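Computed from heavy atoms alone, side chains included, the values below leave out hydrogens, waters and symmetry copies. Computed from a predicted structure; not experimentally measured.
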Amino acid sequence: MPGHRRQLSIEFLELMGVVKENGGDHEGVPHENAPLSYDYVLVGKTKEEQDKESYKKQKAFIEALKCKKLKVTKILYDDINFYGIQAPKEIFERYRHLLKVSDACSWSDEQNAMPFRTRIRIVHYIVNHTAIRTGEDLRGLLKKKVFDARFCLHEKKKQRELRQSWARWTACFQGQPITAVRNYFGEKVALYYLWLGWYTYLLIPAAAVGLVVFLYGLAFFNSSPLIKEVCESKAVMCPLCDKRCQVWQLSDTCTYTKLSLLLDNGGTVFFAMFMAVWATLFLEFWKRHRASYVCEWKVSDWNEEEDDLILGIVNNPDAEPKQYKHSYLRSTLVLICVTLMILVIIGLTHALVVFRVMAAVMMAEGSWKLLSDHSNLGSMVLGAFLHYVVITVMTRINRIVARKLCDIEETRSFSATEKSFTVKMFTFQFFTYFSSLFYVAFFLGRINGHPGRYSRIAGKWRLEECHPSGCLTDLFIQMAIIMTLKQTISNVFEFTVPLFHRWLKSKRTKLERKCGHCFKKDDSEGFSGAELCENCKLRDWFRNYRLDDVNSFSLFNEFLEMVIQFSFTTIFVAAFPLAPLLALINNIIEIRLDAIKMVTLERRIVPKKTNDIGIWTEVLEAIGVMAVIANGLVIGVSSDFIPRIVYHYRYGPCANGSTAADSDCMAGYINNTLSIAHMADPDIRNEFLPEQMITPSGLNFSSCSYKDYRSDGDYSFTPQFWLILAVRFAFVILFEHVVVIFKFVAAWCVPSAPMQVKNVRLLDKFNQLKQENSLFVEKEVSKGE
């Protein structure tokens, strides 16, 4: 920006490669009556292609726009009516005047110039708040197919510039021109990409530490005494299912135990604490970078509600503001509906559990030996795939329910509707994605009972157990499948569907080529006042019409996708240290994919003005708190970290400080975690058939082992179980308190706005007050004369 020093935070982001500001990203300001700069386009069927009543409403709406002094240019093509809309300069002058006298919007950079993005925003508001005599507005007419589409036009010159500097695959490792994005798409889109760029950049250290933790576990593949004990164990384990399953050797899980130690090792605790502090630093530094940019753009004091009041007066000087209101009945009804929806989603999780139990039984009883031998693993993988299908279906249902609930609330403004919709949609999606993961993390293998008294569904199907190598392996498999499928498939569809739609529409119609005279005018700055010929206008409008449609919630979809990914990256990261690495790879692709889609494959999104990412900040902070709780519980409850610590200091060879030079403090740990079930017990004989106690090699056993801390006689919990349970809870409380303290200290050490930003705003306000004082003195002097 000319005339002042750029914010240090922006300089830092450019140095780190997050952004790439060219210093000359200043938008041209169009002439108020520039005929090349149509502010808005409506598309509807011709009189012959729709019923008489619909066509009357179409004409009535166009007349209503003309009554507001909007210039409407109609061009007919085949069976389609195109209506190009331009606003006169009086509308923009009125908006500019009201902006100057406004309190919250008085620092805007739009007081002295009217950027094209602001013209679009004003006309979009007027068009969407115009109604015909029946009371129907544009939204209602679109639902009734009176109009087919509404959109603002892409600017070819700026499109080309953004493609060259940003929206291309070869720019994956370059900074983003955030100011240029803001000048074209508005502050709301620019802040999304700034947030996404900063999030992606900070994933680099998180991915590096996660990879180190993973490699740390890999280093003990062959030297870990626990792996050696499992691989050399002679223990015979109890059957994992009814009827067909036989006893098996613990040594059969040697490979899976190695995988478990990749995830469940001493580095996991450090990594969970690191990610909790990382999430806090990410958010606090994001607030600083946001403050720097909104200060640079002069929108720090901008207020959406006051801007809506200004636009309302510009649209209709006689209009009354929509009053605040609250209905306890509606709020109670919405709360009940939200609760019921959450219960339905949790019910689907129970259905997934039942499916996995039944699938495990069917696989175990099947004729395919590979599936029969690994029925638990097969049911887990199959359940994860089915969970992804449920997520895909429920995402559509959640969206419909969230919108219906917002309609019941009757919110005052679009911003209030968007906030309410965001909270509801994220809540539904969070339960859809994570209910199954919470079950795997904290309930799987803990409510299934023990030999002789297994818990069963409908008294028939045994509840599934944790994988023999540990419960963390199940959580890892579930997260890896869902996260990989979600990112891969969604990105493929996100890019190919708009591309296919554009190709399909282009095959249906062939327009005349643009004439050379108009090509030169359109390729110039475009604001010289020269009119395009009708054919070239049509070509430009049709080119935009056949792009994929966008709406007010298009950017919401991108935010939701990334915030869900942020949840995967922080919640349960103790079970999946490679999650930040997968997220980093995905985001490098995601930034360019979204940019290419937004610049070339979709209609231009209506530029929206804002100075924050809205309710998403509070959502991200809530995720950070949940991550601390979830990771503390995963390490304390789900992993074997605490049992190993207790064994090391209380029950192992090194207990009470007695150590030998060549002794291993963890020797005997695996056998210590096993309890024994004897066939002499009547309950055990009823549980297992005699042929189930015969190994594949033909040996017959009268007892088998299972993973638990129970006595051999009455199968009650041993004192060691209660000691481990007490230490687990103590660790969770200690872990959460320590991490929360670290989070608060980190947040306190990083102010939400740099001192330079505060000083710039202070000087701006001071200079404006001095200017107003000078005007007051001049008026007083003129009165004296």
Going through the distances and angles, do Thr73 and Lys537 end up as a side-chain hydrogen bond (donor to acceptor under 3.5 Å, both in side chains)? CA-CA 10 Å; Thr73 302; Lys537 286 180 189 174; 5.0 Å; no
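- If you check the side chains of Gln58 and Tyr83, you find a donor sitting under 3.5 Å from an acceptor.
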Stepwise salt bridge (charged side-chain N to carboxylate O under 4.0 Å, His left out) check, Lys156 with Glu161: CA-CA 9 Å; Lys156 282 191 174 181; Glu161 290 173 355; over 6 Å; no
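- A salt bridge links Asp540 with Arg543: the distance from a Lys NZ or Arg NE/NH1/NH2 to an Asp or Glu carboxylate oxygen falls below 4.0 Å.
- Side-chain atoms of Gln429 and Thr395 include a donor-acceptor pair closer than 3.5 Å.
- A donor and an acceptor atom, one from each side chain of Glu409 and Ser420, are located under 3.5 Å apart.
- The ring of Trp541 has its center closer than 6.0 angstrom to the ring center of Tyr38.
- In this structure, Arg604 contributes its side chain and His154 its backbone to no donor-acceptor pair below 3.5 Å.
- Remark: Thr422 pairs with Glu418, Phe556, Ile615, Trp616 by the side chain to side chain contact (heavy atoms under 4.5 Å, CB included) rule, at least two apart or across chains.
- Asn767 places a side-chain N or O within 3.5 Å of a backbone atom of Leu763 that can act as its donor or acceptor partner.
- More than 12 non-hydrogen atoms from other residues, nucleotides or ligands lie less than 6.0 angstrom from NZ of Lys68.
- Look at Asp308 and Lys322 and you find no salt bridge, because none of the NZ, NE, NH1 or NH2 atoms lies under 4.0 Å from a carboxylate O.
- Between Arg603 and Asp549, at least one side-chain nitrogen of the basic residue sits less than 4.0 Å from a carboxylate oxygen of the acidic one, meeting the salt-bridge criterion.
- One finds no salt bridge joining Glu304 and Lys188 here, because no Lys/Arg side-chain nitrogen approaches an Asp/Glu carboxylate oxygen to under 4.0 Å.
- Centroid-to-centroid, the aromatic rings of Trp286 and Tyr199 stay 6.0 Å apart or farther.
- When all heavy atoms of Cys406 and Thr417 are compared, the closest pair comes out as SG-O, 4.0 Å.
- Residues Thr134 and Glu136 have side chains that bring a donor and an acceptor to within less than 3.5 angstrom of each other.
- In this structure, the ring of Phe82 has its center less than 6.0 angstrom from the ring center of Tyr545.
- Between Tyr324 and His326, the ring center distance fails the sub-6.0 Å criterion.
- In summary, the side chains of Tyr192 and Asp594 do present a donor paired with an acceptor at a separation below 3.5 Å, with no hydrogens or angles considered.
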Stepwise side-chain hydrogen bond (donor to acceptor under 3.5 Å, both in side chains) test for Arg399 and Asn557: CA-CA 10 Å; Arg399 188 180 303 276; Asn557 298 332; 2.8 Å; yes
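- Under the 4.0 Å criterion applied to side-chain N and carboxylate O atoms, Asp548 and Lys597 are not assigned as salt-bridge partners.
- By the 4.0 Å N-to-carboxylate-O rule, Glu187 lies close enough to Arg182 to be salt-bridged with it.
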Go through the steps to decide whether Lys287 and Glu621 satisfy the test salt bridge (charged side-chain N to carboxylate O under 4.0 Å, His left out), and finish with yes or no. CA-CA 12 Å; Lys287 293 174 185 177; Glu621 288 175 343; 2.8 Å; yes
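- Rounded to the nearest 0.5 Å, atoms CD (Glu21) and CD (Gln176) are 9.5 Å apart.
- Checking Asn315 against Tyr95 by side-chain atom types alone, no donor-acceptor pair falls below 3.5 Å.
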Could you walk me through whether Glu155 and Arg160 pass salt bridge (charged side-chain N to carboxylate O under 4.0 Å, His left out), step by step? CA-CA 9 Å; Glu155 301 168 65; Arg160 184 167 60 250; over 6 Å; no
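- In this structure a side-chain-to-backbone donor-acceptor pair under 3.5 Å is present from His129 to Tyr125.
- With Glu602 contributing its side chain and Leu547 its backbone, the two residues share no donor-acceptor pair below 3.5 Å.
- Between the CG atom of Leu13 and the NE2 atom of His289 there is a distance of 4.5 Å, given to the nearest 0.5 Å.
- When atom types are taken as modelled, the side chain of Asp39 and the backbone of Ala87 share a donor-acceptor pair closer than 3.5 angstrom.
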What's the verdict on salt bridge (charged side-chain N to carboxylate O under 4.0 Å, His left out) for Lys69 and Glu90, showing C-alpha distance, side-chain angles and the deciding distance? CA-CA 9 Å; Lys69 299 181 179 180; Glu90 291 80 9; over 6 Å; no
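- Side chain of Arg288 to main chain of Pro751: a donor-acceptor pair is present (N/O by atom type, distance under 3.5 Å, no hydrogens or angles).
- Put simply, the side chain of Asn611 gets close to the backbone of Ser300: a donor and an acceptor are under 3.5 Å apart.
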